[in-house]
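Everything on this sheet refers to the single structure shown next.
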Amino acid sequence: MSPDSLRASREFAAVDRRLLAQRLRRALPADAVLVDDESVRPYECDGLATYRRVPLAVVLPQDEAQVQAVLRICAELGVPVVARGAGTGLSGGAMPHAQGVLMSLARLNRIVRVDPLARIAVVQPGVRNLSISEAAKPHGLYYAPDPSSQIACTIGGNVAENAGGVHCLKYGLTLHNVMRVRALSIDGEVLEFGSEALDSAGLDLLALVIGSEGMLAVVTEVTVRLLPLPQVARCVLASFASVVRAGEAVAGVISAGIIPAGMEMMDKAATAAVEEFVHAGYPLDAEAILLVESDGTPEVVEDEIALIRQVLQAHGAHDIRVSRDEAERLRFWAGRKAAFPAAGRLAADYYCMDGTIPRKRLGEMLESIAAMAQRYGLRCLNVFHAGDGNLHPLILFDAGQPGEQERAEEFGEAILRHSVELGGTVSGEHGVGVEKLGAMCAQFTEAELESFFRVKLAFDGQGLLNPGKAIPTLNRCAEYGKQHVRGDVTTHPGLPRF
Amino acid sequence: MAPLPETLPRRWCEQVREAAANGRALRIVGGGSKSFLGDVLQGDLLDTRGHSGVVDYDPAELVISVRAGTPLHDVTDLLDAHGQMLAFEPPAFAGATIGGMVASGLSGPRRVQAGAVRDHLLGVSLIDGQGQLLRFGGRVMKNVAGFDVSRLMAGAWGTLGLITEVSLRTLPRPPQELTLRLELDEAGAIDRFNRLAGQPLPLSATAWHAGLAHLRLSGTEASLRAARATTGGEPVGDVEASAYWQALRDQRLPFFTYGQHALWRLSVPGTTAPVELPGEMLMEWHGGLRWLRSEIPATAVRTAVADRGGHAQCWYNRAPGVAGFEPLQGPMAALHRRLRRAFDPQGVFNPGRMGGEF
Ligand SMILES: Cc1cc2nc3c(=O)[nH]c(=O)nc-3n(C[C@H](O)[C@H](O)[C@H](O)COP(=O)(O)OP(=O)(O)OC[C@H]3O[C@@H](n4cnc5c(N)ncnc54)[C@H](O)[C@@H]3O)c2cc1C
């Protein structure tokens with residue numbers, strides 16, 4: 001099949017559900033194949049609940065051999081396969097395919113090996129992110145990427161999304177902390193990407209597979225790099241009279257030669273929302289607050305905190321507080337980490353965006369978002385991984401009100417389009433999934449999208465792994481083009497159109 | 001008159017389309033500083049050096065965007081003037097360009113602590129085998145929109161496309177460095193390096209050769225002082241130390257340049273026990289990178305290294321018939337073939353650069 005025809009039409013021949021179930025049951029234990037509507041229902045969406053789809057079947061393999069058996073059956077029958085970890089994804093990446101099998105990797109949840117001298121852990125894909133650090137802790141080590149969902153999300157899902165966390169400014173994303181991925185192709189072939197050595201023969205396919213949203217191969221084992229636990233960590237909480245000033249302070253810290261362990265920003269609305277919820281002790285009069293963390297040895301942290309304080313002061317921070325003990329540091333963070341649930345308390349629904357922009361455009365972006373909030377008549381809380389320019393605007397809405405969900409989606413897409421205009425990207429860490437397919441058309445040219453498809457086909461010639469995700473079809477972009485124009489007309493009604 | 005750097009990519013697009021239409025190959029060369037690696041190159045020469053210059057650098061953003069033909073030195077000098085660096089410490093072979101640095105994917109002594117080239121590569125512009133100018137990634141740290149094609153270019157040796165521009169992450173230079181020297185045997189060094197790396201110390205490089213280990217610490221004065229108590233070893237003077245690490249990075253230490261025997265680059269898990277092969281060994285990256293100078297047959301080297309979960313590259317003095325790069329096999333070779341075709345259907349770019357059909 002040519003990439004063109006694959007991109008144009010994504011119809012799969014209907015497969016008899018009973019026949020499929022029969023084949024799967026022969027390969028897997030009885031309790032590992034679910035087909036009736038009631039038992040597959042819990043798998044109909046991931047963390048982005050507005051997109052739902054009921055799969056033909058759900059399978060829960062226990063080991064790699066069972067994963068392989070399922071893949072071979074699906075490849076033979078031409079049935080799409082969607083891998084799923086914990087289903088915490090925020091872009092619909094793990095949303096099932098109506099004609100397909102949803103494969104949960106949750107039962108492959110064994111930590112195979114922790115090697116403290118080599119500072120690595122070998123884990124199965126269904127292992128939860130936090131469990132790795134827990135297993136490494138007795139050796140004075142930990143796994144650095146810490147998405148806020150870390151108590152629930154799996155390493156397989158982290159690999160698929162190239163997940164980040166509040167500490168990735170200093171310690172990197174999943175990509176920077178994974179050495180090896182073992183995966184199966186749709187044909188059930190075992191592929192090893194990377195190794196326990198620092199480089200491998202051939203192309204660096206590990207970099208390509210990480211962040212590939214389950215579209216290239218199904219991950220069955222991961223070797224992660226572990227780091228020494230920092231001896232101490234302290235956090236600075238600073239208030240600013242404007243978001244622009246806070247944004248300048250972020251640039252100031254980095255210009256001073258510091259790469260903090262984390263650097264997060266929240267606007268006034270977000271601060272108020274979490275304060276009411278967790279009582280972190282945040283100042284309510286500030287237009288923006290910054291959390292800046294330093295970790296390492298006591299000597300390093302002491303020097304760094306002094307310098308950070310100086311820089312923040314020079315950039316007009318008032319009310320600078322430094323955590324005095326671990327309890328206070330955790331309290332400072334508790335607010336930031338509760339931002340999503342706090343949004344959930346304020347409105348029936350919320351929508352979390354994930355654009356990334358060059359740091360220096362933060363202030364400008366925030367002003368634009370404020371203007372958009374007015375235009376769309378919706379409230380928006382802003383939390384950011386400010387250190388790396390990754391925005392998480394939380395758009396509040398009520399899907400029960402006619403038209404609100406559509407407005408929220410348009411608002412979100414306008415933010416993403418603006419991220420691209422400012423030299424950024426439509427997704428920093430949550431992935432494209434189904435949610436940002438339209439926005440992808442704004443970021444990439446036809447030829448670039450075409451290359452993504454060619455890559456996909458090099459791995460998965462039949463296009464069966466997670467079809468319809470991450471790369472928009474030609475039609476989709478054509479439609480998006482039309483919409484985009486319509487959007488602009490409402491944005492600047494007075495301007496002539498060309 | 002030489003064409004303006006900005007206009008070159010458009011011309012290159014035409015050149016690639018013509019080559020593809022006429023079944024010709026192109027041999028992409030920057031400074032040619034790594035031509036000794038891999039197989040003999042075929043095809044019409046495409047020299048990237050006319051496309052040179054820094055496009056954008058804002059130290060507070062920690063990003064620099066550079067045209068592919070820019071001399072590596074120009075970039076490192078510029079960063080240096082702003083107290084920043086390319087943290088992966090790329091080898092600065094004479095004449096090296098930024099494009100070649102990315103395409104070869106080679107990192108230097110700071111590799112374990114700071115990551116590899118691809119870890120710092122944020123975006124690329126490239127011309128694919130159909131002569132289309134494409135952009136992947138960008139100038140931001142976090143970017144998961146679409147497959148990470150830009151990072152795939154690091155270490156692809158120009159076999160997937162012609163890189164025209166790259167954006168790289170920059171980092172502040174550490175305020176101070178301290179090198180310590182101590183006597184250890186090979187097994188002792190492997191053990192010591194890895195034990196130290198498991199502790200919260202600012203360990204930025206290690207090397208071992210002929211019974212002598214070098215450790216480099218990078219950080220604030222106070223942190224170096226505290227770390228020294230744990231590492232032990234005799235301090236080496238600053239001038240000597242920085243000359244040593246540079247020579248190691250650029251492979252100018254006598255070990256790399258003398259003798260007629262083949263020089264092998266062994267990439268193995270860092271804690272691998274000494275690889276008992278006849279010859280002389282130099283070790284970097286806490287044991288993860290081992291250079292072997294030896295006259296034993298290639299298959300003996302490759303088998304020994306593969307048994308330990310690594311791979312071997314023949315660097316200098318390759319005997320006739322010996323592959324430079326580790327040959328690929330089975331499903332991996334097939335996947336490479338398909339990917340290669342995905343980017344370059346007519347096989348225009350650097351055929352054979354990575355050995356054999358690759
Ligand atoms: C409250 C909350 C906070 C969050 N905070 C963050 C954050 O700070 N940073 C961040 O990056 N993300 C965050 N996320 C998003 C989400 O947790 C991450 O994307 C996470 O990596 C998803 O992991 P999962 O196991 O839930 O994967 P799922 O949601 O089940 O799947 C995600 C994608 O991975 C694929 N996949 C899963 N397992 C495999 C496998 N074994 N092989 C191949 N493909 C596979 C799926 O097909 C899908 O495309 C947050 C989510 C929530 C709900």
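Numbered from 1 within each chain, the chains take letters A, B, ... in sequence-line order.
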Non-hydrogen atoms of chain B under 4.5 Å away: do they reach the side chain of A:A447, the backbone, both or neither?
-> both

Does B:E61 reach the main-chain N or O of A:K360 with its side chain, forming a donor-acceptor pair under 3.5 Å?
-> yes

Within-4.5 Å side-chain heavy-atom neighbours: A:E196 and B:T271 = no

Considering only heavy atoms and a distance below 4.5 Å, find which of B:A222, B:G310, B:S267, B:S223 pairs most often with chain A.
-> B:S267

When the 4.5 angstrom heavy-atom criterion is applied to A:L229 and chain B, the contacting part is backbone

Under 4.5 Å from any heavy atom of chain B - which part of A:S212 | both

Against chain A, label B:T272 side chain, backbone, both or neither, depending on which of its atoms sit under 4.5 Å from a heavy atom there.
-> neither

Going through the checks in order, is the side-chain contact (heavy atoms from CB on, under 4.5 Å) test met by B:K142 and A:L173?
-> CA-CA 8 Å; B:K142 291 165 90 175; A:L173 306 159; 3.8 Å; yes

Tell me, for B:Q130 versus chain A, whether the close heavy atoms (under 4.5 Å) come from the side chain, the backbone, both or neither.
-> side chain

Please state whether the side chain, the backbone, both or neither of A:E161 comes within less than 4.5 Å of a heavy atom of chain B.
-> backbone

At a heavy-atom separation under 4.5 Å, does B:H286 approach chain A through its side chain, its backbone, both, or neither?
-> side chain

Taking side chain as C-beta onward, heavy atoms only, is A:L205 less than 4.5 Å from B:H336?
-> yes

Best-contacting candidate, A:I254, A:N162, A:L117, A:T297, against chain B by heavy atom pairs under 4.5 angstrom = A:L117

Side chain, backbone, both or neither: which part of A:K456 has a non-hydrogen atom closer than 4.5 Å to chain B?
-> both

Please flag which part of A:E192 lies under 4.5 Å from any non-hydrogen atom of chain B: side chain, backbone, both or neither.
-> backbone

Chain A contact via B:L134 - side chain, backbone, both or neither, heavy atoms under 4.5 Å | both

Most heavy-atom pairs under 4.5 Å with chain A, out of B:G155, B:A145, B:G83, B:P172, belong to B:A145

What residue, out of A:S200, A:P230, A:S451, A:G296, has the most heavy-atom pairs lying under 4.5 Å from chain B?
-> A:S200

Please look at B:F147 and chain A and tell me whether the side chain, the backbone, both or neither of the residue comes under 4.5 angstrom of a heavy atom of that chain.
-> both

Starting from the C-alpha separation in whole Å, work towards a yes-or-no answer on side-chain contact (heavy atoms from CB on, under 4.5 Å) for A:V455 and B:L152.
-> CA-CA 11 Å; A:V455 168; B:L152 181 61; 5.6 Å; no

Counting heavy-atom pairs under 4.5 angstrom with chain B, the leader among A:L191, A:V250, A:V300, A:I259 is A:I259

Would you indicate whether the side-chain heavy atoms of B:L335 and A:L203 approach each other to under 4.5 Å?
-> no

Check whether more than 12 heavy atoms from other residues, nucleotides or ligands sit under 6.0 Å from atom CZ of B:R192, and answer yes or no.
-> no

Close side-chain approach of B:L62 and A:R359, heavy atoms under 4.5 Å = yes

Chain A heavy atoms under 4.5 Å from B:A154: which part of the residue, side chain, backbone, both or neither?
-> backbone

Bottom line for A:F459: the part with an atom under 4.5 Å from chain B's heavy atoms is both

Taking every heavy-atom pair that is under 4.5 Å apart, which of B:E326, B:H311, B:R338 has the most such pairs with chain A?
-> B:H311

Chain B heavy atoms under 4.5 Å from A:H430: which part of the residue, side chain, backbone, both or neither?
-> backbone

Between atom CZ of A:R454 and atom CG of B:D128, what is the distance when rounded to the nearest 0.5 Å?
-> 8.0 Å

Contact class of A:N390 relative to chain B, heavy atoms under 4.5 angstrom = side chain

Among A:A251, A:G424, A:G257, which has the most heavy-atom pairs under 4.5 Å with chain B?
-> A:G257

Heavy-atom contact with chain A under 4.5 Å, split by part of B:L160 | side chain

Heavy-atom count around B:R135 CZ within 6.0 Å, excluding the residue itself: above 12?
-> no

Just how far is it from atom CG of A:L169 to atom CE of B:M141, taken to the nearest 0.5 Å?
-> 8.0 Å

Determine, step by step, whether B:R151 and A:L208 satisfy the side-chain contact (heavy atoms from CB on, under 4.5 Å) criterion, reporting the C-alpha distance in whole Å, the side-chain angles of both residues, the deciding distance to 0.1 Å, and the verdict.
-> CA-CA 7 Å; B:R151 291 196 163 100; A:L208 187 62; over 6 Å; no

Atom CD of B:E357 with >12 non-hydrogen neighbours under 6.0 angstrom | yes

Go through A:P358, A:A470, A:A439, A:G211 and name the one with the most non-hydrogen pairs under 4.5 angstrom from chain B.
-> A:P358

Examine whether an atom of B:Q132 lies under 4.5 Å from a heavy atom of chain A, and if so say whether it belongs to the side chain, the backbone or both; otherwise answer neither.
-> side chain

Answer with side chain, backbone, both or neither: which region of A:L175 has an atom nearer than 4.5 Å to a non-hydrogen atom of chain B?
-> both

Most chain A-contacting option - heavy-atom pairs closer than 4.5 Å, from B:G138, B:G146, B:G309 | B:G146

Show your working on salt bridge (charged side-chain N to carboxylate O under 4.0 Å, His left out) between A:D199 and B:R265 and close with a plain yes or no.
-> CA-CA 11 Å; A:D199 45 40; B:R265 179 187 189 274; 2.8 Å; yes

Worked verdict on B:V144 versus A:V432 for side-chain contact (heavy atoms from CB on, under 4.5 Å) = CA-CA 8 Å; B:V144 295; A:V432 175; over 6 Å; no

Answer with side chain, backbone, both or neither: which region of B:R111 has an atom nearer than 4.5 Å to a non-hydrogen atom of chain A?
-> side chain

Would you say B:D148 and A:I210 make side-chain contact, with heavy atoms under 4.5 Å?
-> no

Output the option from B:P331, B:G288, B:A312 having the highest count of non-hydrogen pairs under 4.5 Å with chain A.
-> B:P331

With a 4.5 angstrom heavy-atom cut-off, which part of A:M215 approaches chain B: side chain, backbone, both or neither?
-> side chain

A:E448 side chain reached by B:F136 side chain, heavy atoms, under 4.5 Å | yes

Return the option, out of B:R139, B:M332, B:H82, with the maximum number of heavy-atom pairs under 4.5 Å with chain A.
-> B:M332

Please flag which part of A:E189 lies under 4.5 Å from any non-hydrogen atom of chain B: side chain, backbone, both or neither.
-> side chain

Non-hydrogen atoms of chain A under 4.5 Å away: do they reach the side chain of B:L201, the backbone, both or neither?
-> neither

Between A:L216, A:I258, A:V253, A:T445, which shows the greatest number of heavy-atom pairs under 4.5 Å with chain B?
-> A:L216

Do the side chains of A:Q443 and B:N143 get nearer than 4.5 Å, heavy atoms only?
-> yes

Identify which part of B:A334 has an atom lying under 4.5 Å from any heavy atom of chain A, answering side chain, backbone, both or neither.
-> neither

Examine whether an atom of B:V63 lies under 4.5 Å from a heavy atom of chain A, and if so say whether it belongs to the side chain, the backbone or both; otherwise answer neither.
-> neither

Give, for atom CZ of A:R119 and atom CD of B:Q199, the distance between the pair rounded to the nearest 0.5 Å.
-> 10.5 Å

